[in-house]
Amino acid sequence: MAQYELNLIDYWLILKKRKYLILLSTVMVVLFTFLFSELLKPNPMYEAAARVKFERSTTVAQQLLESLSYSSVNDLGTQLEFIRSFPVMERVGMDLGRVPHDASEEEKHSATYLNIVYNLGQEITAQREGDTNIIRISATSDDPEQAERMANFAATAYRVENIAARNRLVTESRRFVEEQLENLEKRLNDSEEALRAFKEQEGQVFLSEEARAALDTFTKLEEQSNDVLRKRIEGERQIEVLKRSDAVIGHQSTGRIFTEEPSALLTILNQRLLDLIQERDALLINYTFDHPQVAEQQKKINNVKLEMIQELKSKVATLSDREDALQKQRDHYRQRYLGYPRSSIHMSRLEREVKVNTDLLATLKAKHQELLIKGAERIEEVTIIAPAMTPNKPINASNVALNLMIGSLMGCVLGVVLAFGRESFDTSIGTIEGVEEFLKVPVLGIIPQFDYKALKDMAEETLPPDTPSTVVESLSKLICLLDPKSVLSESLRSLRTNIQFASMDRRVKSIIFTSAGLGEGKSTCVINLAITMAQEGMKVLLVDADLRKPIVHQRLGLDREPGLVDALLGATSWRSYVRSATDLMLGTVGVDRVMNTPGLDNLHVLTSGSESGNPNEFLNINKIKTLTAEMQADYDIVLIDTPPILPVTDAVAFSSRVDGTILVYQVGRIGRNALKRAKFLLDHAQANVLGVVLTNVKSEVTPEYGLYRYEPR
């Protein structure tokens, strides 16, 4: 491809020239896209999604602590992991029937049981929708109904587990109070029975006002002492619970404590501990205890536990000091009523025991009723706002239309790339200027591409119906006679004019026509040029020097013998072998066409003659030079048809013995290197190369007059 500056029209012409390559590339890519879409079609997978809304329910103190420590975004991130946690997936597995409801602890810790639950976590995903507090729970399966059930069961299980986790403190508190009520009722019954038995045995016993006041004070001190003792024992038990290991998936209550002080710092820390344990258990679904994220979460849990233990130790120490103080005051009042009658003291003690148990029972019953009300209210942070629906199409279904559209686009792009790549590797020359710059000789003529079939049909119309096909084909190549007003005839007349202008500074009377390779149209060009020059009034001699594959005699309907070879070998003059208009009348041209074509009697033809074993020997002898000089003396112009340069050297040998040489080049037939080699051989033989004739040119109209772009046929 010649180096010249491209404009938009040049690009368009390149695309038009390579349109079949682009079309082939597009069709192949689309075809392969369709085949791969059908052959590599995956198994259909369906996805169903349920949406839930999460709203954190906290006290004022908890909200203050959360605003200082972590944001709701992190809280939602925890919930996303909690949805795929072991307790939620275990409940989903039970609802789906993949794991039994009544499995033993040993079965729950088996590898089969754990793998089923963990695999469910891989089939279910959760993600936050935008910046909202809405969570989308998705489930994938090869069965659309199964996907819908999994998504709905996961949303329900998440809601149930969240309710259980958030109401676990209330449940544990109610259970603790119920246990205390059962023990206290038994103690109250025992104390009332003891008081009744004493009164039946001793009768009514009266105490003085001073003694009764002392006993009342002693009773209050003992109540306070018992309450402090109970709280101290509870604190010590809480410390022991916090020190125990809690690394068990699905047992979130392990490691937490129960406290009756809802506004205390201990309650807030206990809630924080619950959240951290949930986050850690969610991470344990995908990671082991050695993973950095799990280790970091466990470190946070241990820090909260240490803070809670310190708080409990401080509380226990305070309660111990208060218990000692109350014990001293109680002992002081006990000494004051030791001097009173023993029966009065005993009855007062029994009454005090009954009163203490009665008051404590009333307090616990009130607390129990309060916990029952809280349990009935139930803290619900998760609301299912959109249940999953059965999907009607798989999520991995290939979009054939989109694939074909993308394939078509990629095929076009690939075709364009291949077109420009093919153009860049094209060794032909793309413009007239490129030919002239490459060969350093002018372009004398441009023979446009023509329709052989149309010319053959035209020849059949002018000839009799019984004319042999070889004669019809030969006449169809005589363009200047068959259709003298056509573009082809005009291009040949333009070639004739350009040759005349090219030889103005030096008279040129003998010209050989040759080409670099076979089939480039040199014989057709030289025969029609000879006819054109004869019509102008010039006395023309057309010599067929292609001794290997002569074609001139066949095109004009003449006999091959005798001719050039006979003139070179024999003693008879070549003039006796020249055919005139009379011979043309008997050949393909015909009488009518010769008579109706002015100037055709100026055309004379010397055929190739007899066959020879080695044609190169005839062209190397000195007689050819003398023969050429004689021809130039008798005729105005001698046009010689010679073989191609690269296959044989006949034309090279002939070129040094004539006035000029014209190189015929069929566009796109051979590469530039071959054309350059042919020109080099002519220059090396010191031939006078007049110029180049381009044949089979497909012209394109451009804004610049006289500029042609062409492509091979």
Side-chain angles (χ1 to χ4, degrees), residues 46-52 54 78-126 135 137-176 178-179 245-256 258 274 277-286 372 375-384 386-390:
Y46 298 88
E47 181 183 68
R51 298 196 305 163
V52 298
F54 174 79
T78 302
Q79 297 303 316
L80 294 178
E81 294 295 332
F82 178 68
I83 291 173
R84 300 172 60 245
S85 64
F86 189 89
V88 177
M89 293 298 102
E90 184 181 29
R91 188 179 294 274
V92 173
M94 292 179 182
D95 294 338
L96 292 173
R98 297 189 183 183
V99 294
H101 288 267
D102 54 351
S104 62
E105 290 297 326
E106 183 178 354
E107 291 177 345
K108 289 184 177 181
H109 289 83
S110 64
T112 304
Y113 189 94
L114 294 176
N115 286 333
I116 293 175
V117 177
Y118 287 150
N119 290 335
L120 274 174
Q122 302 299 324
E123 300 176 17
I124 296 175
T125 59
I135 299 175
I137 303 175
S138 305
T140 56
S141 175
D142 55 358
D143 183 7
E145 296 182 357
Q146 181 76 357
E148 178 210 352
R149 294 175 58 206
M150 290 174 61
N152 287 328
F153 285 159
T156 303
Y158 168 53
R159 177 175 175 271
V160 172
E161 284 295 326
N162 182 270
I163 292 174
R166 289 301 173 187
N167 293 276
R168 189 172 283 116
L169 290 176
V170 177
T171 303
E172 292 180 358
S173 300
R174 182 170 55 81
R175 188 182 300 114
F176 175 79
E178 288 174 352
E179 292 176 358
S245 173
D246 61 342
V248 181
I249 301 177
H251 295 78
Q252 297 169 338
S253 61
T254 306
R256 297 190 303 103
F258 166 73
L274 172 63
I277 292 176
Q278 287 182 350
E279 294 178 13
R280 185 204 60 189
D281 290 345
L283 291 173
L284 286 174
I285 296 175
N286 302 317
L372 288 177
E377 292 176 353
R378 286 205 316 174
I379 301 175
E380 294 191 14
E381 299 176 340
V382 178
T383 305
I384 300 176
M389 303 292 292
T390 303

What do you reckon, is CD of Glu145 surrounded by more than 12 foreign heavy atoms closer than 6.0 Å? no
Here's a test for you: under side chain to side chain contact (heavy atoms under 4.5 Å, CB included), which of Thr156, Val382, Thr383, Asn162 qualifies with Val52? Val382
Under a plain distance cut-off of 3.5 Å, with no hydrogens placed, do Thr390 and Glu148 share a side-chain donor-acceptor pair? yes
For the student: nearest non-hydrogen atoms of Ala139 and Ala151, plus distance: CB-N, 3.7 Å
I need the Tyr46 OH to Thr140 OG1 distance, nearest 0.5 Å. 13.0 Å
If I compare all heavy atoms of Pro87 with all of Glu161, which pair ends up nearest, and what's the gap? CB-OE1, 3.7 Å
So Glu90 and Tyr113, side-chain contact (heavy atoms from CB on, under 4.5 Å) or not? Walk me through it. CA-CA 9 Å; Glu90 184 181 29; Tyr113 189 94; 2.6 Å; yes
Distance (rounded to the nearest 0.5 Å) between Ser85 OG and Arg280 CZ: 12.0 Å
Check the angle between the aromatic planes of Tyr118 and Phe86 and answer parallel, tilted or perpendicular using the 30° and 60° thresholds. perpendicular
Has Arg91 got more than 12 heavy atoms of other residues, nucleotides or ligands less than 6.0 Å from its CZ? yes
Closest non-hydrogen atoms of Ala155 and Ala50, given as atom of the first, atom of the second and distance, are CB-CB, 4.2 Å
So which heavy atom on Arg149 is nearest to which on Asp95, and how close? NH2-O, 4.3 Å
Taking atom CG of Asn119 and atom CG of Leu114, what is their separation to the nearest 0.5 Å? 10.5 Å
Heavy-atom closest pair (Ile137 atom, Ala154 atom, distance to 0.1 Å) is CG2-CB, 3.9 Å
Pick one: which of Met89, Arg98, Lys108, Met94 meets side chain to side chain contact (heavy atoms under 4.5 Å, CB included) with Val117? Met89
Enter the distance from Glu47:CD to Met150:CE here, rounded to the nearest 0.5 Å. 11.0 Å
Any heavy-atom pair between the side chains of Leu120 and Leu96 that's under 4.5 Å? yes
What are the two closest non-hydrogen atoms of Ala157 and Val92, and how far apart are they? CB-CG2, 3.7 Å
